[in-house]
Structures are given as structure tokens and as C-alpha cells.
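Note sheet for the following structure.
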Amino acid sequence: TTVEEANKRRTVGYYEKTRQAHEQNLVPGVWPHSTLMAKRRQEMDRIMSYWNKGNKSHRTVIVMCDSTTSGLMHEARQNILRPLQYSTDIHSSGAWIPELSIIPEEDMHVTVAIPWWWHTIRDDNYALSKALAARFRQALVLDFHHPFQIELERIVLLGGKILVALWRCVGERKTEDGTVIYDRHGESIDPFVKLRREIVNCFTTEDPDIKRAPLTYTHKNSTEDLPDSPLPSASNQKPTLLRQHTIEHKTPGLGQGDGFIHTTLCRLPLDCLSPHDIELEEIHRLCREATATYCGHRMVVSKFRFIETTGRGGESNPCIDPIYDETIDAPSRLEVAHNGDISETDNLHLPKQPNAGRSSTIGALPTVEKRETIDGLFNEAKTLTEEEEDDSGHNAL
């Protein structure tokens, strides 16, 4: 799938989510106060349910937002939610948002994959996390997943509840005159779609050649829940239960096939938001303004964070008190100089072939090396001086 094709599917999916978001324009108030407080306590119990159980963990692969990106997201979130005049105090008589539902600026991230959904903690838990992280590192290196860029497409309040930033990828394409442009219409393979698919393959497939066994688990899933199920059940029959790898079912952007890329900014507790009715039209309008302001901002995906969490940060923030945390760098790109030297580089726009594109550099051309006869082929080369260049040009004429 090329960047352009994947982005078209993303745009269709994002547009549909935006349209659905605008269907939620009113959040009814909850009264009396005792009922409101009971619902808010239930919401806190739900958010902290896994943490309160104390015997389950959840493993995920994320990309942390850089300081510029997280600062931009924080600013956008403040502007969008300002009309609510909310408080994080559960006893508030106005709009209430749990503190755990507002992702801290330093913890903003993009979810890449979820290789291990909530599961009972076992005796060999730490060793399993190390094996999963090592398997992910192998996928990055063996499949040459170099750093790439993603671009902010829009900010939307999904379902009137979840404030998210939605991303797309960018890649290279050539114009008719051969000029290389790096944008959302790229002709190269979409790096995020490729990364997710190969992560899934790495965890779920067996490879006897390198002694690799599947490193995930499966759970029962009804065919009614599968978007493209090959086994539609009749209305008078019970749905068929299939076993599906959890990483395939839970990783965002795989089941829908649209390469969904998102950063969660905030979750609104719609069942207990306020004792008064809340109109969301102003919030939707500010989301559109934020999209117009920040759309096109880019972030480099070069470091991945493999985290195992027990739910201390609620349902959307795995970065608080993880029991396993490892940062894994994407393999660096290599630059081959004209003399054959190879070096690592952070330049994402370098040509993929040695010496390609050097003539387009503004400035002096590389100096020409002169070898007078074949006898001096293996002698040290000398550089033409300006006088020699003039003489050689004159003699040629």
C-alpha cells in the first residue's frame, strides 16, 4: 500500500468519524447531586478497574510525541476545552473531567501496536516482557524500518467523548520534471501500515529457519464482530466463535484497514459530565479551528517505547508507573559518500543511491581528479588547479 493509497483510506475513515462526532451535540445534565456523585464514583472505578484488581498487565508499543508536538497538542486542547470551564475536582458543581482522563503533556503519544492485551500477571512476567521487546526489536532491524514522518491531519472529538489528534503519513513522489517532493501523496510504501503488519507477523507467525515461535495469545471472537467475516451467520443461528490473535484485534488501524493513527488528548465522562446540560457545538467548532491552525505539523517516528502497565494511569496513559519500560531506536539510515565511506545520518530526505542528487546541490561542484596516464593509475591523485583547468580547456580547443 502506497502512502497516497493509505492516506485516502485514512481520510475516508477520519471524515466518517468526524461526521459521527457532530451527531453528539448535547450532553444531558445529571441531577440530583447524589446521583451525579454516584455516577462520578462509578466512572472513577471504571477508569481504575485494572489497577484496583492488581493482578493484570497490559503491553503496548507507543511513540512519544516530541516536546514541540506535545506543546502544540497541549495548547490546542486548552483552547478546545476552555468553554467547558471544567474542574478535575470530583465534587465540582460544574463540568468535571477526571485528572487521569487528561493525558499529561509529557505523556502524549501515538499508539503503534498492542501485542499483549490485559492479561493475568504470571511468575515469568518480566522474562516475557523482555522476550516481547526483543521480538519487536528484531522486526525493526530485519525489515529495515528506518525513521519516518507523520503529519497531523485533524483534531476531533470522537463520539462527543474522546478528543484525539489524527495523523497521516508522508512519502516521496516525483513530478513530471523529476523533482522529488515529500508529502501525503507519496508513491513509496506507507511506513505505518507496513510497520504494523510486520509487527503482527513477527508476533503471530512461526519461522523454523530462525527458530521463531508465535509470541502472543488468542481469544474467542464472534464472527459478528469481525468487519469482513467470511462466515456470516443466519439470523436464526448463533454467531460462530473464532480464535483471533489479540494483537490483530486490539491494535488500532488493523481491523478497519484504514491505518488509523491517533493521539488521545482527553476523555469526557458523558454520563456524569455536569449537573447542567452541556452544548458541544462550540467544542466542535474549536476542533475545526485547531485543525485549520495545526494541520500539516509533522513529527519524526524514530524511537519506540515498549511498555507494560498495570493501569495506574487509567485507560489511556500507559506511561505512569510501568512495570516494564524499554526504549528501542529505529535502525539508522546510512549515507554512502563518493569515496565509499559509510556513515549514519538523521536526514530523512537523502537519496537512496550513493551520489544521487549531488549535482542539484547549490554551490561549487566537486573538484575533478586528474590522472595523466595508465602508469599513474594507482598513484595518489592530484587536484586540478585553476591554471591547469584553463590550460587543459585551451588545449582541448
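A quick note: this is a predicted structure, and the numbers were derived from the prediction, not measured.
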statement: Using a 4.5 Å side-chain heavy-atom cut-off and chaining through intermediate ILVMFWY residues, the residues clustered with Val12 come out as none
- line: For Met64, the hydrophobic cluster (side chain heavy atoms closer than 4.5 Å, chained through members) also holds Ile62, Ile307
Run the side-chain donor-acceptor check on residues 102-110: report pairs under 3.5 Å with partners two or more places apart or on a different chain.
| from | atom 1 | to | atom 2 | distance (Å) |
| --- | --- | --- | --- | --- |
| Asp107 | OD2 | Asn317 | ND2 | 3.0 |
| His109 | ND1 | Asp107 | O | 2.8 |

Set of residues satisfying ring-ring contact (aromatic ring centres under 6.0 Å, His included) with respect to Phe136, sequence neighbours excluded: Phe304
- prompt: Taking only residues at least two apart or on different chains, which pairs with a member in residues 159-171 satisfy side chain to side chain donor-acceptor pair (under 3.5 Å)?
  reply: Glu151-Arg168, Glu153-Arg168, Trp167-Thr263
- request: Mind jotting down which residue pairs meet the salt bridge (charged side-chain N to carboxylate O under 4.0 Å, His left out) criterion with at least one end in residues 179-193? Sequence neighbours excluded, please.
  value: Arg10-Asp190, Arg173-Asp183
message: Please give the remaining members of the hydrophobic cluster of Leu36, linking ILVMFWY side chains under 4.5 Å, ordered by chain and number.
response: Val30
Check: residues 83-93 side-chain donor-acceptor pairs under 3.5 Å, at least two apart:
| from | atom 1 | to | atom 2 | distance (Å) |
| --- | --- | --- | --- | --- |
| Ser87 | OG | Asp89 | N | 3.0 |
| Asp89 | OD1 | His91 | N | 3.1 |
| Ser92 | OG | Gly94 | N | 3.0 |

- prompt: If you link I, L, V, M, F, W and Y whenever their side-chain heavy atoms are under 4.5 Å apart, who else ends up in the same group as Ile189?
  reply: none
message: Suppose the criterion is ring pair (Phe, Tyr, Trp, His ring centres under 6.0 Å): which pairs have a residue in residues 47-84, not counting sequence neighbours?
response: Tyr50-Trp118, His58-Trp117, His58-Trp118
Pairs satisfying side chain to side chain donor-acceptor pair (under 3.5 Å), at least one member in residues 26-44, at least two apart: Glu43-Arg46
query: Ala76: what forms a side chain to side chain contact (heavy atoms under 4.5 Å, CB included) with it, not counting sequence neighbours?
result: Ile155, Ala290, Tyr294
